[in-house]
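Read through the structure below, which is laid out as structure tokens, and then see the notes.
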2 protein chains.
Amino acid sequence: MSRRPATPARATHRGRTTYHHGDLPQALRDAATRLVAEHGADGFTLREAARSVGVHHAAAYRHFADKRALLAAIAEEGYVTLARRMQVADAAAPVTDVLERVRRIGAAYVAFARKEPSLFALMTGPRLNEDGRFPSLEAALRGCVDALEAPLRAGQASGIVRKGAVGMQAMTILTLLHGYAEFVLTRRIQVKPTRVAELLATLLEPALRGLQRH
Amino acid sequence: MSRRPATPARATHRGRTTYHHGDLPQALRDAATRLVAEHGADGFTLREAARSVGVHHAAAYRHFADKRALLAAIAEEGYVTLARRMQVADAAAPVTDVLERVRRIGAAYVAFARKEPSLFALMTGPRLNEDGRFPSLEAALRGCVDALEAPLRAGQASGIVRKGAVGMQAMTILTLLHGYAEFVLTRRIQVKPTRVAELLATLLEPALRGLQRH
DNA sequence: ACCTGAACACCGTTCAAGT
DNA sequence: ACCTGAACACCGTTCAAGT
């Protein structure tokens with residue numbers, strides 16, 4: 001542990017002088033995240049990721065079981081980022097206007113999908129999850145549900161939102177958000193970039209009305 | 001056009017005696033549909049499709065520009081089937097109970113996704129649509145929207161459903177349906193197979209309430 | 001313990017040549 | 001007009017061997 005250079009993080013393919021890589025797992029995750037964003041998850045290859053960090057392609061197998069395991073790792077990182085963005089959006093809204101909070105959280109979900117379309121597709125698509133592998137990914141939606149439950153619970157407490165299972169109310173919103181995000185990404189809904197949030201608000205309207213008391 | 005065998009459709013790899021295939025494009029579409037269902041769109045290869053119908057793999061390029069074009073063709077067929085299933089489900093519901101009709105149409109959408117998960121993922125996923133190719137696929141959702149608009153329009157006429165843009169109301173429902181289908185397929189929502197329709201009805205409830213008058 | 005070399009069994013795509 | 005042979009430039013994965 002002392003033979004390594006003082007700044008192992010800078011030991012990239014340009015400047016690597018040692019046989020061992022500084023932190024190859026993280027370097028591969030970073031490269032994969034970048035390459036997926038550039039070429040899509042379909043165009044991503046393990047060999048290019050290894051090349052871009054300056055190691056032999058077989059080296060990746062010391063740290064990840066296979067290509068899918070590496071992709072699953074970056075998908076998990078994506079879910080953490082997504083949940084954080086939703087929470088930040090919530091915090092920026094007036095605390096007592098719970099419906100507006102839900103709208104802002106929703107806008108953050110869709111904005112993330114539009115900003116990182118390939119990562120979002122990887123995170124939510126069937127590529128990693130059709131079989132039972134990566135159960136951590138199956139639970140990854142938890143953070144998004146939590147973000148939506150906060151304003152809904154507050155709304156129930158203040159009497160704005162109907163009493164009932166807050167988890168179900170959150171899932172109603174989340175399924176709608178997700179379907180909208182997917183349709184926008186795949187051009188099934190053709191909407192001008194400047195109008196994405198506006199259309200989302202329109203589509204959310206009936207669901208929000210149905211969640212209100214009276 | 002007279003040198004071909006009398007039953008060109010039976011000219012498969014087992015019994016083919018002529019140099020020319022009976023209807024290679026359709027045979028390739030059929031093989032692709034079957035193989036995608038078996039191994040998923042990720043596991044699908046052009047070479048295996050060609051092998052399974054008994055032609056050289058390069059022969060496919062006479063009829064389809066590339067692998068994606070073949071997949072786009074079967075995705076389009078899938079949308080036709082899906083829209084038909086939704087219409088059939090609608091027809092099976094009591095005509096005047098427009099909300100029940102929407103529920104049944106929704107159940108048909110989700111049932112299709114569960115019955116043909118790989119085809120559904122191919123149809124709705126970004127694999128074929130991230131660039132602007134295959135505009136016919138972008139319009140393919142039209143049939144699904146139409147199916148939902150019918151009961152909503154009837155509901156507006158009979159005063160059960162709020163007045164307003166019926167297209168927006170249909171998209172509210174459809175985005176929710178699609179998000180739910182995706183979450184179920186990718187195990188983001190863990191629900192027993194027997195409870196899928198029931199949970200859908202629960203999640204739809206707020207949206208349906210919001211669409212009603214009063 | 002971590003990485004490389006070399007190999008295996010595949011792909012998608014192209015293009016000249018066969019029927 | 002339609003299909004095949006042969007080739008090209010890749011993949012993911014494995015495993016013995018190097019440091």
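Proteins get letters first, then strands, A, B, ... in listed order; numbering begins at 1 in each.
- Summary of the strand contacts: B:R62 and B:A65 both lie near DNA chain C, and taking for each the nucleotide with the nearest heavy atom, the more 5' one is attributed to B:A65.
- Residue B:H63 places no side-chain N or O under 4.0 Å from the OP1 or OP2 atom of D:dA1.
- Atom-to-atom, CG of B:L35 to P of C:dG12 comes out at 11 Å; the value is rounded to the nearest Å.
- Between A:E182 and A:T124 the shortest side-chain heavy-atom distance falls below 4.5 Å.
- Taking the charged nitrogens against the carboxylate oxygens, A:D90 and A:R104 have no contact shorter than 4.0 Å, which rules out a salt bridge.
- For A:F120 and A:H178, the ring centers sit closer than 6.0 Å to each other.
- Taking 3.5 Å as the limit, the base of D:dG12 and the side chain of A:H57 contain no donor-acceptor pair of atoms between them.
- As the counterpart of D:dG18, C:dC2 is assigned, both hydrogen-bonding distances of the Watson-Crick or G-U wobble pattern falling under 3.5 Å.
- A donor-acceptor pair is defined here as one N or O able to donate and one able to accept, closer than 3.5 Å; such a pair exists between the side chain of B:R209 and the backbone of A:G210.
- We find that CD of A:E48 is positioned 18 Å from C1' of D:dT13, with the value rounded to whole Å.
- Between D:dT4, C:dT4, D:dG12, one nucleotide has an atom nearer to the side chain of A:V55 than all others, and that is C:dT4.
- Here D:dC11 presents its P atom at 15 Å from NZ of B:K67, a figure rounded to the nearest Å.
- Atom-to-atom, CZ of A:F64 to P of D:dT13 comes out at 13 Å; the value is rounded to the nearest Å.
- Taking the side chain of A:Y61 as heavy atoms from C-beta on, and the options D:dG5, C:dG5, D:dG12, the nearest nucleotide is D:dG12.
- B:D23 has its CG atom 11 Å from the P atom of D:dC2, to the nearest Å.
- Across all strands shown, D:dT13 forms a Watson-Crick or G-U wobble pair with C:dA7, both key distances being under 3.5 Å.
- Along DNA chain C, the nucleotide closest to A:R47 and the one closest to A:H56 are compared, and the more 5′ of them pairs with A:H56.
- Checked for salt-bridge contact, A:R133 and A:D66 meet the test: a charged N lies under 4.0 Å from a carboxylate O.
- Nucleotide D:dT13 holds its P atom 11 Å from the CG atom of A:L70, rounded to whole Å.
- Here the C1' atom of nucleotide D:dT13 and the CG atom of A:L46 are 9 Å apart, to the nearest Å.
- The distance between atom CG of B:L28 and atom C1' of D:dC3, rounded to the nearest whole Å, is 12 Å.
- Nearest nucleotide to the side chain of B:A59, out of D:dC11, D:dT14, D:dT4: D:dT4.
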